[in-house]
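Notes follow the structure.
Letters go in sequence order (proteins before strands), and every chain restarts at 1.
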2 protein chains.
Amino acid sequence: MKLHQLRYFVAIVQNGMNVTTAAHKLHTSQPGVSKQIRLLEDELGAPLFLRESRELTGLTEVGQQVFNRSLTVLREIQSIRGVTADLTRAQRGTLSLATTHTQARYVLPPVIQRFRASYPDVELHLHQGTSEQIAELASLDRIDLAIATGGEAVFSEFVLLPCYRWHRKIIVPRDHPLASVQRPTLKQIAAHPIVTYVFSFNGPSSLQELFAAAGLEPKVSLTARDADVIKTYVRLGLGVGIVASMAIDPIADADLVAIDGAHLFPSHTTWLGFRQGALLRGYTYKFIAELAPHLTRDVIEAAMGEPDRAARTELLQALPLPAL
Amino acid sequence: MKLHQLRYFVAIVQNGMNVTTAAHKLHTSQPGVSKQIRLLEDELGAPLFLRESRELTGLTEVGQQVFNRSLTVLREIQSIRGVTADLTRAQRGTLSLATTHTQARYVLPPVIQRFRASYPDVELHLHQGTSEQIAELASLDRIDLAIATGGEAVFSEFVLLPCYRWHRKIIVPRDHPLASVQRPTLKQIAAHPIVTYVFSFNGPSSLQELFAAAGLEPKVSLTARDADVIKTYVRLGLGVGIVASMAIDPIADADLVAIDGAHLFPSHTTWLGFRQGALLRGYTYKFIAELAPHLTRDVIEAAMGEPDRAARTELLQALPLPAL
DNA sequence: TACAGTTACGGACCGCGTAAGCATA
DNA sequence: TATGCTTACGCGGTCCGTAACTGTA
């Protein structure tokens, strides 16, 4: 069994069982790839692919298992390469993040600015998406770090570290009746149409449930996917906006009144995740420290070394968590 | 980077940094091994070994990290081989167990007898030792399954499945004053010298503490490492024996009176452990089923697929656990 | 001089690329 | 006829074993 045989095998699977395109991406010839797969199957003594005449149409059960384990092998090989790359070319490399709109738009810009100043030669890739899309990228090993809120269940094989806590704020135009209320009640808010996130509103522990629990059924005039859209419509007088606390810019949003919602809505934790056993480059630790200063290298390595998630959680609960 | 380079590297480390002996065990020449290590170091761009002139004296920090990850790689490669070996040569292979005296002597014999009848061509290896020795073998990948009681903390990267519960029994000669007592108290027992396991007596939640909590300080006439020795000395009248319930053979021990101790001593769980992500052969599932019928393949695969130990524990707590 | 690792070299093997073959839509 | 995998074959690299070499106790 050779490493490149596993690489070929994985490439074929990841290219929809198409040997020709896989060979292209591997910068090699198609017959070579075919032959190596054949050799691998011969050595293992069982076919990896389901075949219809000459076409490959899927994986056998054996193929599926071998595929999973091959991924682990190739991941580790990549990490072994990284071990020394980190020492000899410490200032160069890539860092791929996946995160949600709110983080990408409001939280990460200053973090990334500081990071780029320290490591100008690190190639940064920022992928924006929903929790599910982030999880997808993560499971395919396409990213080094995931930053998100909620959806912990989706990232079951990941080490999740809490970054900071945040809460919701209520935004209204200056001339709105709520603008002068310091601590509005749910009832006062529900008297007006609401503009908020699509994802905040539905599902369990949502705003909808929160209002319902108080016997209220607010009118929702608009649900958007990001705070910029919400603020735009609040400015147009469509209703009361409910957004994440860090989405408010004191200067750019000076025309709006932001009212603290901590007494009404539960707080949330944004976490950072990466695959258990992943190799984090030196600059990755630096990036994390810029994002969440309490996540020092020692803390991260301690959490990574603890295979049990419950024990990790306990370990991390002692940390002072910043609030935004 | 080639797989055999990692194999060579690991072999050298596991043979005390000696290239010559490593080459021997690998059935190849010493210069070849040297050269491959050199190529590997060149490719990684950093030395893996600490050297004094030409001698290898230890691992660099990089070497240590590469070593750990190489082990994972080789383990996975081995598993990939096993995936098909299990299908094509399902009846052949090896099964290595590590366990304690009580299991090896009293619990496993009938299990192994039934297993051998089904799979005469599977080579069985049974290693007996203390919890620490078992953990050592397990961490070196020398065994497929560990079976033990207690010491859960030592096996942190293992999947632990509960096999059965057991409790302690009190054994005395037929003519002993306690022989006719159905439910003796701790005080009645403490009136006589005690013969029990070394490991049961010391440490936290030990018998010593249990008696002390009741304000008693029994005289311990002998601590042994196994029940056979304890029974021998109980027969000689050295005192009251306290042994695991499964260590009593109704026929061979008919000359002793065994009194249930479930009302006095806490019960224990014997568990079975293997490395998370290990490949279990078909006959291994069969063996486990012989040992603990509630651990069916479905249950084991569900537990193995759950990366979080707390969730695993929860999953397993619903199972009906046999008592011995 | 014994021991441990390095350097040097010829042979065998193997993976690659090109080119031709074959089956399916 | 286009697509996609297989077979055939020559080239080049690489891994191996033997043998000679170098440095250390």
Do any N or O atoms of the protein come closer than 3.5 Å to N or O atoms of nucleotides 21-25 of chain C, and which pairs are they?
{"unit_1": "C:dG21", "atom_1": "N2", "unit_2": "A:Arg54", "atom_2": "NH1", "d": "2.9"}
{"unit_1": "C:dC22", "atom_1": "O2", "unit_2": "A:Arg54", "atom_2": "NH1", "d": "3.0"}

Worksheet entry | Length of the CZ-P vector between A:Phe49 and D:dT6, whole Å | 10 Å
Worksheet item: Quick check: does any side chain N or O of A:Glu76 sit under 3.5 Å from a backbone N or O of B:Thr72, one acting as donor and the other as acceptor?
Response: no
Worksheet item: Counting heavy atoms not belonging to B:Glu61, are there more than 12 under 6.0 Å from its CD?
Response: no
Worksheet item: Are side-chain heavy atoms of B:Val13 and B:Phe67 found at a separation under 4.5 Å?
Response: yes
Practice prompt. Starting at atom CD1 of B:Ile12, determine the distance to atom P of C:dA4, rounded to an integer number of angstrom.
Written response: 14 Å
Worksheet item: Can you find a heavy atom in the side chain of B:Phe287 that is under 4.5 Å from one in the side chain of B:Ile112?
Response: yes
Item to complete: Check the distance between D:dT3's P and A:Leu56's CG and give it to me in whole angstrom.
Response: 18 Å
Worksheet item: Donor-acceptor pair, B:Thr28 side chain versus B:Ala23 backbone, under 3.5 Å?
Response: no
Discussion item. Does any part of the side chain of A:Leu50, heavy atoms only, come nearer than 4.5 Å to the side chain of A:Leu56, both counted from C-beta?
Written reply: no
Discussion item. As a test of reading the structure: which of D:dG4, C:dA4, C:dT6 is closest to the side chain of A:Asn18, going by heavy atoms?
Written reply: D:dG4
Worksheet item: Is it true that atom NE2 of B:His127 has more than 12 heavy atoms of other residues, nucleotides or ligands lying nearer than 6.0 Å?
Response: yes
Item to complete: Please state whether the phosphate of D:dT6, meaning OP1 or OP2, lies under 4.0 angstrom from any side-chain nitrogen or oxygen of A:Ser34.
Response: yes
Worksheet item: If you take all heavy atoms of B:Leu280 and B:Ile300, which pair is closest and at what distance?
Response: CD1-CG2, 4.0 Å
Item to complete: Could you check A:Arg38 against A:Glu55 and say which one's nearest nucleotide on DNA chain D is further toward the 5' end?
Response: A:Glu55
Worksheet item: Between A:Ile37 (CD1) and D:dT7 (P), how many Å, whole number?
Response: 14 Å
Item to complete: Go along nucleotides 11-20 of chain D 5' to 3' and tag each nucleotide: B for a protein heavy atom under 4.0 Å from its base, S when only backbone or sugar atoms are that close, - otherwise.
Response: ----SSBBB-
Item to complete: Quickly work out the B:Leu50 CG to C:dG5 P distance and round it to whole Å.
Response: 14 Å
Worksheet item: For the side chain of B:Asn15 and the backbone of B:Thr21, is there at least one donor-acceptor N/O pair under 3.5 Å apart?
Response: no
Worksheet item: With respect to the phosphate group of D:dC5, does any side-chain polar atom (N or O) of A:Thr20 fall under 4.0 Å of OP1 or OP2?
Response: yes
